[in-house]
Structure formats: C-alpha cells, structure tokens
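The basis for the numbers below is simple: all heavy atoms, side chains too, and nothing from hydrogens, waters or symmetry mates.
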Amino acid sequence: MDPKIQNAFRALADPTRRDIVQMLAAKDMTIAQLTERFDMTRAAVKKHLTVLSDGGLITVEAKGRERINRLEPKGMAPVLDWLSYFDRFWDDRLSNLKEAIERNKK
C-alpha cells in the first residue's frame with residue numbers, strides 16, 4: 001500500500017485524531033484551543049497533530065508564536081480513492097445479485 005495512504009489511515013485510526021479532524025473542519029484552531037477541549041496535555045495534543053500532519057490531513061501555519069492548525073481536505077483524497085474501490089466492488093456484487101434474482105423470478 002502507498003505510504004501516503006498508510007499515513008492517512010494511521011492518522012484516522014485514533015478516535016482523538018478523528019475528533020480533532022472534525023473540530024478543524026469547523027474552524028482553524030491553535031494547539032492551545034484544541035488542548036482546552038481534551039483531557040490531555042499540550043504535548044499529547046501536539047503528538048496527535050504531528051500524526052495528522054504526517055498523514056497529510058492537516059496543515060500547520062506559523063503566525064507569530066502561534067501555530068494555526070487547518071484541515072487539509074485534499075489529504076482525504078487517497079483514503080477516499082482507496083475506499084471507492086470497495087464501493088465499486090459492492091455495487092458490482094449487488095448488481096449481479098439483483099440480476100440473478102430477477103432471472104430466477106422468470
């Protein structure tokens with residue numbers, strides 16, 4: 001599997017990181033703003049943000065002393081592409097099943 005996809009799935013594997021992605025979908029946030037919403041240290045939140053950044057799911061912009069974390073929607077593309085294979089797979093299977101059922105009705 002492509003390392004880009006592996007990093008994205010690794011980033012999404014953790015419920016805390018999925019929560020962070022949802023929060024950043026609503027608005028850009030600093031580490032301090034994110035830390036306020038979790039029962040963990042700033043260092044722990046920073047580790048989660050690093051994994052999300054490595055997965056291509058967020059970008060981090062330095063503004064003075066603050067680091068603004070922003071959702072990177074394009075980072076989801078490799079995950080969606082990988083999942084779309086299975087979507088097509090099931091569409092094909094269900095279509096074949098439907099055809100078989102309709103043939104048996106006649």
Side-chain angles (χ1 to χ4, degrees):
M1 182 182 284
D2 181 349
K4 199 184 241 186
I5 296 170
Q6 284 184 331
N7 288 341
F9 272 108
R10 178 176 174 252
L12 292 170
D14 184 88
T16 299
R17 291 192 287 271
R18 290 192 303 268
D19 288 345
I20 291 171
V21 166
Q22 286 186 304
M23 288 177 200
L24 294 178
K27 69 176 190 169
D28 300 345
M29 300 175 84
T30 64
I31 294 172
Q33 290 170 319
L34 287 164
T35 301
E36 290 172 2
R37 297 175 185 235
F38 293 97
D39 186 26
M40 64 179 72
T41 65
R42 180 182 173 99
V45 171
K46 173 71 173 120
K47 284 182 183 180
H48 284 296
L49 292 170
T50 299
V51 174
L52 288 167
S53 180
D54 291 347
L57 302 176
I58 68 167
T59 57
V60 183
E61 178 187 353
K63 281 193 176 181
R65 290 175 33 137
E66 289 186 325
R67 296 176 58 80
I68 309 299
N69 299 280
R70 179 173 293 122
L71 180 65
E72 181 55 58
K74 292 178 188 173
M76 288 290 207
V79 173
L80 295 173
D81 290 345
W82 189 84
L83 290 172
S84 72
Y85 164 80
F86 295 98
D87 191 34
R88 288 188 307 273
F89 170 82
W90 284 111
D91 284 347
D92 292 345
R93 291 288 174 110
L94 292 173
S95 179
N96 291 342
L97 177 61
K98 179 183 175 190
E99 289 171 15
I101 290 170
E102 287 173 354
R103 276 194 306 269
N104 286 335
K105 283 184 180 179
K106 294 179 182 178

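- Summarising the geometry, atom CG belonging to Leu34 is positioned 5.5 Å from atom CD1 belonging to Ile20; distances are rounded to the nearest 0.5 Å.
- Partners of Asp28 under the side-chain hydrogen bond (donor to acceptor under 3.5 Å, both in side chains) rule, at least two apart in sequence or in another chain, are Arg70.
- Each salt bridge (Lys or Arg N to Asp or Glu O under 4.0 Å) pair with one or both residues in residues 30-42, not counting sequence neighbours, would appear here, but there are none.
- Separating the NZ atom in Lys74 from the CG atom in Leu80 is a distance of 14.5 Å, to the nearest 0.5 Å.
- With hydrogens and angles ignored, the 3.5 Å screen pairs no side-chain donor or acceptor of Glu66 with any backbone N or O of Lys63.
- When side chains are defined from C-beta on, Val79 counts as touching Leu12, because their heavy atoms get closer than 4.5 Å.
- For Thr50 (side chain) and Lys46 (main-chain N/O), a donor-acceptor pair under 3.5 Å exists by modelled atom type.
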task = Report the C-alpha distance between Thr30 and Ile68 in whole Å, list the side-chain angles of each, state the deciding distance to 0.1 Å, and finish with yes or no for side-chain contact (heavy atoms from CB on, under 4.5 Å).
result = CA-CA 5 Å; Thr30 64; Ile68 309 299; 3.6 Å; yes

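- The ring pair (Phe, Tyr, Trp, His ring centres under 6.0 Å) check on Phe38 picks up nothing, with sequence neighbours excluded.
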message = One pair to check against side-chain contact (heavy atoms from CB on, under 4.5 Å): Val21 and Met76. What are the steps and the verdict?
response = CA-CA 11 Å; Val21 166; Met76 288 290 207; 4.2 Å; yes

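- Applying the side chain to side chain contact (heavy atoms under 4.5 Å, CB included) criterion to Ala44, with sequence neighbours excluded, gives Met40, Thr41.
- Looking at Ile58, Val51, Leu57 one by one, the single match for side-chain contact (heavy atoms from CB on, under 4.5 Å) with Arg17 turns out to be Val51.
- Remark: Ser84 pairs with Arg88 by the side-chain hydrogen bond (donor to acceptor under 3.5 Å, both in side chains) rule, at least two apart or across chains.
- Residues that satisfy the side chain to side chain contact (heavy atoms under 4.5 Å, CB included) test with Asp2, not counting sequence neighbours, are Lys4, Ile5.
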